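Below is one structure, written out as structure tokens, with a few remarks after it.
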Amino acid sequence: MLRVESLYKNFGGIKAVTNLTFEVQKGRIHGIIGPNGSGKTTTFNCITGVLKPSGGTVFLDNRDITGIKPNEAADLGIRRTFQGGKLVPGLT
């Protein structure tokens, strides 16, 4: 369903994601874990089109969607949410 091959993203001299390859099969649940600054958000941003990868390829159902615009990714069913610090006023 979703396949990422040799994905990398650089910000100048900073290597945020380096040679990442994985596959998500339909009907399976996967997670990406790691410490702060390990490239998790950057990976999702590259998959969803928020950022253009520096290299590598993203496939959805064997279709190359690398560098797709976020609204086009959403139309294909790839969506993300953003972390909100104060979703409910008065609650921590």
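Throughout, residue positions are numbered sequentially from 1 according to the sequence presented. All values derive from a computational prediction rather than experimental measurement.
Interatomic distance, Leu51 CG to Cys46 SG, rounded to the nearest 0.5 Å: 5.0 Å. Atom NE2 of His30 and atom CE of Met1 lie 10.0 Å apart (nearest 0.5 Å). For the atom pair Glu23 CD and Glu5 CD, the distance stands at 8.5 Å (nearest 0.5 Å).
For the pair Lys9 and Phe11, the distance from NZ or CZ to the six-membered ring centre is under 6.0 Å and the angle to the ring normal is within 45 degrees. In this structure, Arg3 is positioned above the aromatic face of Phe59, its NZ or CZ under 6.0 Å from the six-membered ring centre and within 45° of the axis.
Of the possible polar contacts, none joining the Asp61 side chain to the Arg63 backbone as a donor-acceptor pair under 3.5 Å is found. Formation of a donor-acceptor pair under 3.5 Å by the Thr48 side chain with backbone atoms of Pro70 is not found in this model.
Ile65 and Phe44 fall within a single hydrophobic cluster, where Ile, Leu, Val, Met, Phe, Trp and Tyr side chains are chained together by heavy-atom contacts under 4.5 Å. In the hydrophobic clustering of ILVMFWY residues, with side-chain heavy atoms under 4.5 Å counting as a link, Val58 and Val17 come out together. Put simply, Tyr8 and Ile47 are part of two different groups of oily side chains (I, L, V, M, F, W, Y) that touch within less than 4.5 Å, one to the next. Each of Val50 and Leu7 belongs to its own hydrophobic cluster when Ile, Leu, Val, Met, Phe, Trp and Tyr are linked at side-chain heavy-atom distances under 4.5 angstrom.
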**OP:** Take Ile78 and Glu72 through the test side-chain contact (heavy atoms from CB on, under 4.5 Å) and record every step on the way to the result.
**Re:** CA-CA 9 Å; Ile78 300 178; Glu72 294 169 336; over 6 Å; no

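Residue Arg79 qualifies as enclosed at atom CZ: its count of foreign heavy atoms under 6.0 Å is above 12.
The nearest pair of heavy atoms linking Asn10 to Ser54 is N-OG, 2.9 Å. Taking all atoms of both residues into account, the shortest heavy-atom contact from Val4 to Leu20 is CG1-O, 3.6 Å.
Its side chain outside the 4.5 Å cluster rule for every partner, Ile33 clusters with none of the Ile, Leu, Val, Met, Phe, Trp and Tyr residues.
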